[in-house]
Q: 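Sharing a structure, written as structure tokens. Questions coming.
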Amino acid sequence: MCSHKLTKEENVHIWVDADACPKVIKEILFRAVERTGVAMTLVANQPLVVPRLANIRTLRVAAGFDVADNEIVKRLVVGDLVITADIPLAALVIAKGGYGLNPRGELYTVENVKARLSMRDFMDSLRSSGVETGGPAAFSQSDRQRFANQLDRFLSVHFRAK
């Protein structure tokens with residue numbers, strides 16, 4: 001995990017890879033940023049409906065491969081949190097000094113993101129050779145709870161209200 005500790009003058013910004021983010025996770029994020037005042041930007045290539053709060057913004061990008069990911073990485077600063085299930089994006093975030101959190105509640109670290117990338121590449125090669133690998137398990141109530149708990153822990157450690 002990134003070891004950068006925020007000073008009193010710094011605050012974490014949450015970036016959401018919003019095109020693939022489950023609606024229930026967005027709702028958890030909306031409640032958390034309303035409660036804490038953390039700034040959040042949802043990046044997507046389609047229009048988004050979000051609560052009208054001063055600390056929530058949307059950033060619409062052009063459609064295309066990795067356009068939203070590239071925009072997030074470009075704007076990310078050390079200590080920011082990115083919500084994504086995209087492992088290559090998470091690897092870039094970690095490399096740039098940010099934090100990554102999967103919608104299922106897994107916090108990406110330097111150690112585990114490398115393993116996830118290797119597994120992803122392995123599964124891609126299996127699929128390209130014709131092997132049926134199936135998809136991820138259905139999103140569950142325990143996934144939602146794990147995400148909410150991990151987000152609360154992260155914010156309690158890394159966010160200081162101004």
Side-chain angles (χ1 to χ4, degrees), residues 1-44 48-61 66-120 136-162:
M1 185 156 62
C2 176
S3 61
H4 177 76
K5 295 293 182 194
L6 301 174
T7 67
K8 289 186 189 279
E9 293 77 37
E10 295 177 296
N11 275 310
V12 68
H13 188 103
I14 299 174
W15 297 93
V16 181
D17 185 6
D19 285 320
C21 187
K23 181 179 179 186
V24 68
I25 295 302
K26 290 177 195 165
E27 291 167 357
I28 291 168
L29 287 162
F30 294 150
R31 287 191 300 273
V33 300
E34 182 176 23
R35 182 181 75 247
T36 62
V38 173
M40 180 171 70
T41 303
L42 294 95
V43 183
L48 297 170
V49 177
V50 300
R52 291 180 179 230
L53 295 171
N55 57 325
I56 298 177
R57 293 185 3 207
T58 61
L59 177 61
R60 188 164 177 198
V61 296
D66 288 342
V67 175
D69 298 359
N70 294 337
E71 194 63 35
I72 290 169
V73 172
K74 180 174 104 178
R75 293 171 181 251
L76 173 80
V77 298
V78 171
D80 282 354
L81 174 64
V82 176
I83 310 302
T84 186
D86 184 310
I87 297 176
L89 172 57
L92 293 170
V93 167
I94 299 301
K96 194 169 176 183
Y99 297 89
L101 179 59
N102 182 293
R104 293 181 186 265
E106 179 185 13
L107 195 62
Y108 296 109
T109 65
V110 171
E111 297 78 24
N112 72 17
V113 80
K114 289 177 186 174
R116 301 291 178 278
L117 273 173
S118 294
M119 181 56 76
R120 176 190 172 274
F139 201 73
S140 70
Q141 181 61 38
S142 62
D143 292 328
R144 289 184 272 254
Q145 190 61 52
R146 239 185 337 272
F147 177 83
N149 291 342
Q150 190 68 264
L151 179 65
D152 284 345
R153 277 193 297 278
F154 180 89
L155 292 174
S156 70
V157 170
H158 298 282
F159 177 72
R160 292 175 179 85
K162 288 186 176 181

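Start at 1 with the first residue, then count along the sequence.
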Q: Check for a donor-acceptor pair, side chain of Asp80 on one end and backbone N or O of Gly98 on the other, with a separation under 3.5 Å.
A: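 Side chain of Asp80 to backbone of Gly98, a donor-acceptor pair under 3.5 Å: no, none is there.
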Q: Any side-chain to backbone donor/acceptor pair from Arg57 onto Thr41? Under 3.5 Å, distance only.
A: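 No, the answer is negative, given that no donor and acceptor are paired below the 3.5 Å cut-off.
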Q: Any chance you could measure His158, atom NE2, to Ile14, atom CD1, to the nearest 0.5 Å?
A: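 Here the interatomic distance stands at 11.5 Å.
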Q: Output, in order, the C-alpha distance, side-chain angles, deciding distance and verdict of side-chain contact (heavy atoms from CB on, under 4.5 Å) for Leu151 and Leu81.
A: CA-CA 10 Å; Leu151 179 65; Leu81 174 64; 3.9 Å; yes
Q: Check Arg31 with Glu34, please: is the shortest side-chain N to carboxylate O separation under 4.0 Å?
A: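 Salt bridge: no.
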Q: Please name all residues satisfying side-chain hydrogen bond (donor to acceptor under 3.5 Å, both in side chains) with Asp152, sequence neighbours left out, ordered by chain then number.
A: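 Result, side-chain hydrogen bond (donor to acceptor under 3.5 Å, both in side chains) vs Asp152: Arg35.
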Q: Assess whether side-chain contact (heavy atoms from CB on, under 4.5 Å) is satisfied between Tyr108 and Val82, documenting all intermediate values.
A: CA-CA 10 Å; Tyr108 296 109; Val82 176; over 6 Å; no
Q: Distance from Leu42 atom CG to Thr58 atom OG1, nearest 0.5 Å?
A: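 One finds 7.5 Å between CG of Leu42 and OG1 of Thr58.
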Q: Please name the pair of heavy atoms, one in Gly100 and one in Leu107, separated by the smallest distance, quoted to 0.1 Å.
A: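 So the minimum-distance heavy-atom pair works out to O-CD1, 3.2 Å.
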Q: Within the structure provided, determine whether Leu53 and Phe30 are in side-chain contact (heavy-atom separation under 4.5 Å).
A: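 No, side chains not in contact.
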Q: The criterion is side-chain contact (heavy atoms from CB on, under 4.5 Å); which residues satisfy it with Val73, sequence neighbours excluded?
A: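 Val73 satisfies side-chain contact (heavy atoms from CB on, under 4.5 Å) with Leu89, Leu92, Lys96 once adjacent residues are dropped.
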Q: Look at the side chain of Asn102 and the backbone N and O of Ala85, then say whether any donor-acceptor pair between them is shorter than 3.5 Å.
A: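 Side chain of Asn102 to backbone of Ala85, a donor-acceptor pair under 3.5 Å: no, none is there.
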Q: To the nearest 0.5 Å, what is the distance between CD (Glu106) and CG (Asp143)?
A: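 Answer for the CD-CG pair, Glu106 versus Asp143, is 11.0 Å.
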Q: Per the side chain to side chain contact (heavy atoms under 4.5 Å, CB included) rule, which among Val33, Val50, Ile83 passes with Met40?
A: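 Among Val33, Val50, Ile83, the one that satisfies the side chain to side chain contact (heavy atoms under 4.5 Å, CB included) with Met40 is Val33.
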Q: Extract all donor-acceptor atom pairs below 3.5 Å that involve side chains of residues 16-29 and protein atoms in other chains or at least two apart in sequence.
A:
unit_1: Asp17; atom_1: OD2; unit_2: Thr84; atom_2: OG1; d: 3.0
unit_1: Asp19; atom_1: OD1; unit_2: Asn45; atom_2: N; d: 3.1
unit_1: Asp19; atom_1: OD1; unit_2: Gln46; atom_2: NE2; d: 3.2
unit_1: Asp19; atom_1: OD2; unit_2: Asn45; atom_2: N; d: 3.0
unit_1: Lys26; atom_1: NZ; unit_2: Ala18; atom_2: O; d: 3.2

Q: With heavy-atom distances below 4.5 Å as the criterion, would you say the side chains of Arg75 and Leu59 are in contact?
A: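 Result yes, sub-4.5 Å side-chain heavy-atom pair found.
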Q: For Asp69 and Asp66, which heavy atoms make the closest approach, and how far apart are they?
A: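 Distance-wise, the nearest heavy atoms are OD2-OD1, 3.1 Å.
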Q: Atom CD of Gln150 and atom CD of Gln145: how far apart are they, to the nearest 0.5 Å?
A: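 Those atoms lie 12.0 Å apart.
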Q: Indicate the ring-plane relationship of Phe154 and Tyr99, choosing parallel, tilted or perpendicular according to the 30° and 60° boundaries.
A: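 The arrangement is perpendicular - the two ring planes meet at more than 60°.
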